[in-house]
Amino acid sequence: MARILMIGAGGVATVAAFKIAQNADVFTEFMIASHHKAKCDLLVKAIHDKGYNMDIKTAEVDADDVEQLKQLFNSYKPELVINLALPYQDLTIMDACLACGVNYMDTANYEPKDEAHFEYSWQWAYKDRFEKAGLTAILGCGFDPGVSGIYTAYAAKHEFDEIQYLDIVDCNAGDHHKAFATNFNPEINIREITQKGLYYEDGKWIETAPLEIHKPLTYPNIGKRESYLMHHEELESLVKNYPTIKRGRFWMTFGEAYLTHLHVIEDIGMSRIDEVEYEAPLADGSGKTVKVKIVPLQFLKAVLPNPQDLGSNYEGETSIGCRIRGLKDGKEHTYYIYNNCKHQEAYKETGMQGVSYTTGVPAMIGAMMFVKGLWRKPGVWNVEDFDPDPFMEQLNKQGLPWHELRDIDLEV
């Protein structure tokens, strides 16, 4: 028996829920909770409409409120909570898990609401408490972070005696036919991209201006795409867990139109995350106004396309992988492991586009690893702390097959 509670009902959660329903032999009891129960009910209906007959409970909860979370956890008594809510809510959910004796998993590390800054230190600080409670917390089990770390662990286990250079490359070559849209929560997405770049080299972290370093890289089945160096959280744990790494970097592709829109958004102040005062007209038609405070980026999120609605017209595919150089039997060896995911195939299966699919599938597999007892140890862990082999096997079975290229020019 495995009783699972998932928090969130967005695009990634939708994919994870579909995948859980497809694996009902592993996940015997399942609840979806979010700030709006109606969204959870619509998701359950979509799953049932596709012919999956799993009995799925739904609930409403404010993931910012530890007491509400505790009440829900104590009522449903899940064995594992899958946190697919906002990164701002990681710590409140972890607090509730500790209070109620529940295991924890997420796909993105914590970041404070009032600062565009993310790192694992806040969650790693929970390690002793989870260990003493005999509970497992699995961090960053999406694609990047997530599969990127598992690919690295797999390479370290099977391909290298020593990993020296790691470049994680993420290309979305899809077209959603919108003037400007983000592939996941706009608020989180824009905060991430407009932040300063960061990479690791020779034992130091080196900061760059946002998207300052870029170069064309060739992606399988896609071709050359301009790729930009960014700060990404999995590097923080990977260089710690693989201390032979001399340099670790993360690259992501962006089109010119996307970057032009992004620069305008920044230039006119719409990427700000501090409150500004706005004089809003009263709804009574009197012509009077009232001063209200809004966060520009949150307002922008409200008027941009919902990432959940992009799937039906989304064409093309993603390509995400790790390009690794190091030593094997005393000789230099290169290794490129990657997955390509077609947006339309993801949409036909789950109603969501490929970016949600590539994060939601690994979230389900991570939960499966826990339920099967393969990824369980008290404390707070990143995915590369566990055996990658059973996870890699499931990637091939669950819709994200991986491919390998050896001893080629990695371009990085």
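Not measured: the values here are computed from a predicted model. Computed over heavy atoms, backbone and side chain alike; hydrogens, waters and symmetry mates excluded.
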Task: Pair Gln398-Asn23, side-chain hydrogen bond (donor to acceptor under 3.5 Å, both in side chains): steps then yes or no - done: CA-CA 10 Å; Gln398 303 293 339; Asn23 291 274; 3.2 Å; yes
Under a 3.5 Å distance rule, please check whether [X] uses its side chain to pair with a backbone N or O of [Y] as donor and acceptor.
X	Y	result
Glu201	Ile206	no
Thr244	Gln164	no
Asn396	Glu393	no
His48	Met54	yes
Glu111	Pro87	no
Thr92	Ala63	yes
Asn382	Glu384	no
Asp389	Tyr154	no
Thr350	Ala346	yes
Arg325	Leu410	no

- [ ] Scan residues 192-227 for pairs that pass ring-ring contact (aromatic ring centres under 6.0 Å, His included), counting only residues two or more places apart or in two chains.
- [x]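 Matches after skipping sequence neighbours: Tyr200-Trp205, His214-Tyr228.
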Closest non-hydrogen atom pair, [X] against [Y]:
X	Y	result
Ile47	Ala21	CG2-CB, 3.7 Å
Tyr76	Glu29	OH-C, 3.5 Å
Met6	Leu84	SD-CD1, 3.6 Å
Ala17	Ile32	CB-CD1, 4.1 Å
Ile222	Ser319	CD1-CB, 3.7 Å
Asp90	Leu86	OD1-O, 3.7 Å

TODO: Given salt bridge (Lys or Arg N to Asp or Glu O under 4.0 Å), test Lys204 with Asp202 step by step and report yes or no.
DONE: CA-CA 6 Å; Lys204 295 179 293 192; Asp202 296 330; over 6 Å; no
Do [X] and [Y] make a side-chain contact, defined as non-hydrogen atoms from C-beta onward lying under 4.5 Å apart?
X	Y	result
Met94	Leu98	no
Ile320	Ser148	no
Lys196	Pro210	yes
Tyr336	Val412	no
Tyr278	Val276	no
Thr107	Pro145	no
Trp251	Arg323	no
Leu91	Gln123	yes

Open item on the list: Which residue is it: Val81, Leu69, Leu5? I am looking for the one with a side-chain contact (heavy atoms from CB on, under 4.5 Å) to Cys97.
Closed with: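 With Cys97 as partner, side-chain contact (heavy atoms from CB on, under 4.5 Å) holds for just one option, Val81.
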Is it true that, when you exclude [X] itself, more than 12 heavy atoms of the residues, nucleotides or ligands shown sit nearer than 6.0 Å to its [atom1]?
X	atom1	answer
Lys127	NZ	yes
Lys157	NZ	yes
Asn53	CG	no

As an exercise, state the distance from [atom1] of [X] to [atom2] of [Y], rounded to the nearest 0.5 Å.
X	Y	atom1	atom2	result
Ile150	Phe391	CD1	CZ	3.5 Å
Phe160	Leu327	CZ	CG	9.0 Å
Ile168	Thr152	CD1	OG1	5.5 Å
Ser121	Tyr126	OG	OH	11.5 Å
Glu60	Cys40	CD	SG	8.0 Å
Glu159	Thr334	CD	OG1	9.5 Å

Only pairs under 3.5 Å count here: list side-chain donor-acceptor contacts from residues 367-376, not counting sequence neighbours, and write none if there are none.
{"residue": "Trp375", "atom": "NE1", "partner": "Asp387", "partner atom": "O", "Å": "3.0"}
{"residue": "Arg376", "atom": "NE", "partner": "Phe370", "partner atom": "O", "Å": "2.8"}
{"residue": "Arg376", "atom": "NH1", "partner": "Glu79", "partner atom": "OE2", "Å": "3.1"}
{"residue": "Arg376", "atom": "NH2", "partner": "Glu79", "partner atom": "OE2", "Å": "2.7"}
{"residue": "Arg376", "atom": "NH2", "partner": "Phe370", "partner atom": "O", "Å": "3.4"}

- [ ] Could I get the full list of salt bridge (charged side-chain N to carboxylate O under 4.0 Å, His left out) partners for Lys37, not counting sequence neighbours?
- [x]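 With sequence neighbours excluded, Lys37 shows a salt bridge (charged side-chain N to carboxylate O under 4.0 Å, His left out) to Asp41, given in chain and number order.
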Task: Intermediate values then yes/no, salt bridge (Lys or Arg N to Asp or Glu O under 4.0 Å), Lys19 and Glu349 - done: CA-CA 10 Å; Lys19 286 296 182 179; Glu349 183 184 345; 2.6 Å; yes
Open item on the list: Per the salt bridge (Lys or Arg N to Asp or Glu O under 4.0 Å) rule, what does the pair list look like for residues 222-234, sequence neighbours excluded?
Closed with: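 Sorted pair list: Lys224-Glu411.
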Open item on the list: Under 3.5 Å, is there a donor on one side chain and an acceptor on the other for Tyr104 and Asp106?
Closed with: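 Yes - a donor-acceptor pair under 3.5 Å links their side chains.
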TODO: Compute whether any side-chain donor of one residue and acceptor of the other, for Asn340 and Glu317, lie under 3.5 angstrom apart.
DONE: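 Yes.
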Identify every side-chain donor-acceptor pair in residues 128-144 under 3.5 Å, counting partners at least two apart or on other chains, and give the distances.
{"residue": "Thr136", "atom": "OG1", "partner": "Lys377", "partner atom": "N", "Å": "3.1"}
{"residue": "Thr136", "atom": "OG1", "partner": "Lys377", "partner atom": "O", "Å": "3.1"}

- [ ] Start with the C-alpha gap between Arg247 and Asp167, add the side-chain angles, then the distance that decides, and say whether side chain to side chain contact (heavy atoms under 4.5 Å, CB included) holds.
- [x] CA-CA 8 Å; Arg247 187 184 67 217; Asp167 285 274; 4.0 Å; yes
Open item on the list: Between Thr318 and Thr358, does the side chain to side chain contact (heavy atoms under 4.5 Å, CB included) criterion hold? Intermediate values first, please.
Closed with: CA-CA 9 Å; Thr318 65; Thr358 55; 3.9 Å; yes
TODO: Answer with yes or no after comparing the ring centroid distance for Tyr347 and His343 against a 6.0 Å cut-off, counting only values under it.
DONE: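 For Tyr347 and His343, the ring centres are not under 6.0 Å apart.
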TODO: Apply ring-ring contact (aromatic ring centres under 6.0 Å, His included) to Phe250 and list each qualifying residue two or more places apart in sequence or on a separate chain.
DONE: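 Only His232 meet the ring-ring contact (aromatic ring centres under 6.0 Å, His included) criterion with Phe250.
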- [ ] List the steps, then state whether salt bridge (Lys or Arg N to Asp or Glu O under 4.0 Å) holds for Lys331 with Asp329.
- [x] CA-CA 6 Å; Lys331 296 177 183 174; Asp329 300 325; over 6 Å; no
TODO: Apply salt bridge (Lys or Arg N to Asp or Glu O under 4.0 Å) to Glu67 and Lys70, showing your working.
DONE: CA-CA 5 Å; Glu67 291 306 314; Lys70 283 164 59 177; 3.2 Å; yes
